Q: 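Sharing a structure, written as structure tokens. Questions coming.
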Amino acid sequence: MNAWVLRSVVLGALVVALRAVLGFAMVYWPTHGAQMRMLCIVALLAAIVSWGVRDGLRDHAASTGSGRGTDMTLLWLKAGAAAGIGSGLVAWVLDRLPRFDLGDKGLLFEVTASASFIVLLVFVPALIGVGIGRRLAERRGRRGNSGGPAAFPAAGTAT
């Protein structure tokens, strides 16, 4: 399975699950809607950023010789687009079932506006996580190489 497909399926399923849990919770605790929405966003962002950090760490370890890692931009953009459109379609279908209250949005809204929000919610934090992961890997690498005077050539000598 392609890496972006796995990311989009897992994150799309997480979005739908969080929306379903939020819908059920809003029925029983309607006055706490803002806090529950923020909790769902934080949970989703934590999953996305942690996956991005893991990607950055793994990519830096795989490309230690070149100094530059692979470009994760398109991978996460495809994952975000598929997760957004897929979660919108699944949420629309689930909303048609009895006892599921996901907001009564139309199909056009779910695959356009809702999907674009999910795309940005996946893409931007994931790339921030990739950057954090690469930075952490660089620091770990520098800390391991600063062992003593042999690590730095003498001033004025050609390398």
Side-chain angles (χ1 to χ4, degrees), residues 1-64 66-141:
M1 185 182 306
N2 289 342
W4 69 270
V5 174
L6 176 67
R7 285 162 178 77
S8 65
V9 168
V10 170
L11 294 175
L14 181 62
V15 167
V16 171
L18 287 173
R19 284 184 68 180
V21 167
L22 182 64
F24 288 132
M26 290 291 288
V27 170
Y28 295 107
W29 302 291
T31 58
H32 301 292
Q35 293 93 346
M36 289 185 289
R37 285 186 187 110
M38 291 307 296
L39 183 65
C40 288
I41 293 280
V42 167
L44 184 62
L45 287 175
I48 294 166
V49 170
S50 65
W51 204 333
V53 168
R54 198 178 105 225
D55 276 351
L57 289 170
R58 207 181 303 168
D59 182 54
H60 189 278
S63 63
T64 55
S66 66
R68 293 193 64 156
T70 58
D71 188 17
M72 298 277 185
T73 307
L74 195 56
L75 177 126
W76 277 105
L77 184 62
K78 289 190 287 187
I85 294 170
S87 68
L89 287 172
V90 172
W92 181 77
V93 169
L94 283 178
D95 199 29
R96 300 292 171 255
L97 297 175
R99 309 204 82 178
F100 274 93
D101 185 24
L102 300 180
D104 295 329
K105 307 284 192 298
L107 179 62
L108 185 63
F109 177 83
E110 290 289 352
V111 297
T112 55
S114 178
S116 64
F117 176 70
I118 299 300
V119 168
L120 287 175
L121 199 62
V122 169
F123 180 65
V124 174
L127 289 183
I128 290 170
V130 168
I132 291 170
R134 287 180 179 164
R135 181 71 71 143
L136 289 173
E138 285 177 12
R139 286 187 180 179
R140 288 181 190 165

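Predicted model only: the values in this text are computed from it and were never measured. Along the sequence shown, residues are numbered consecutively beginning with 1.
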Q: Considering only heavy atoms from C-beta outward, does the side chain of Thr73 approach that of Phe123 to under 4.5 Å?
A: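 They are in contact (side-chain heavy atoms under 4.5 Å apart), so the answer is yes.
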Q: So, taking the atom named CD in Glu138 and the one named NE2 in His60, what distance separates them when rounded to the nearest 0.5 Å?
A: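 Glu138 atom CD to His60 atom NE2 measures 4.5 Å (nearest 0.5 Å).
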Q: To the nearest 0.5 angstrom, please state how far the CG atom of Leu22 sits from the CG atom of Leu39.
A: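 The CG atom of Leu22 sits 9.5 Å away from the CG atom of Leu39.
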Q: Is there a side-chain contact between Val15 and Val90, using heavy atoms and a 4.5 Å cut-off?
A: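 Side chain of Val15 against side chain of Val90, heavy atoms only: no contact under 4.5 Å found.
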Q: Which heavy atom in Ala25 sits nearest to a heavy atom in Met36, and how many Å separate them?
A: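 It is CB-SD, 3.3 Å.
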Q: Could you give the distance from CD1 (Ile132) to CG (Asp55), rounded to the nearest 0.5 Å?
A: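 CG of Asp55 is found 13.0 Å from CD1 of Ile132.
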Q: State, to 0.1 Å, how close Lys105 and Asp95 come at their nearest heavy-atom pair, and which atoms those are.
A: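 Closest approach of Lys105 to Asp95: N-OD2, 3.7 Å.
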Q: Which pair of heavy atoms, one from Ser8 and one from Ala79, lies closest together, and at what distance?
A: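 So the minimum-distance heavy-atom pair works out to CB-O, 3.3 Å.
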Q: Which atom names give the shortest non-hydrogen contact between Pro125 and Leu45, and what distance separates them?
A: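 Nearest pair, atom of Pro125 first, then Leu45: CG-CD2, 3.4 Å.
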Q: A side-chain contact here means heavy atoms from C-beta on lying under 4.5 Å apart; do Val130 and Asp59 qualify?
A: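 No, every pair of side-chain atoms sits at 4.5 Å or beyond.
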Q: So Val122 and Trp51, do their side chains get closer than 4.5 Å, heavy atoms only?
A: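 SC-SC contact between Trp51 and Val122 ruled out.
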Q: Roughly how far apart are Trp92 CH2 and Glu110 CD, rounded to 0.5 Å?
A: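 Nearest 0.5 Å value for the CH2-CD distance: 10.0 Å.
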Q: Search all heavy atoms of Ile48 against all heavy atoms of Ala126 and return the closest pair with its distance.
A: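 Scanning both residues completely, I find the closest heavy atoms to be CG2-N, 3.5 Å.
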Q: Could you tell me if the side chain of Leu14 sits less than 4.5 Å from the side chain of Leu44, heavy atoms only?
A: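 Touching, per the 4.5 Å side-chain cut-off.
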Q: The test is side-chain contact (heavy atoms from CB on, under 4.5 Å); show your working for Leu94 and Arg19 and say whether it passes.
A: CA-CA 10 Å; Leu94 283 178; Arg19 284 184 68 180; over 6 Å; no
Q: For the CG atom of Leu75 and the OG1 atom of Thr70, what is their distance to the nearest 0.5 Å?
A: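 So the gap between those two atoms works out to 8.0 Å.
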Q: Do you know the tightest heavy-atom contact between Ser87 and Gly12?
A: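 That closest heavy-atom pairing would be CB-O, 3.7 Å.
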Q: Rounded to the nearest 0.5 Å, how far apart are CG of Leu89 and CG of Leu107?
A: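 Reported value, rounded in 0.5 Å steps: 6.0 Å.
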Q: Between Arg7 (side chain only) and Ala3 (backbone N and O only), is there a donor and an acceptor less than 3.5 Å apart?
A: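 Yes.
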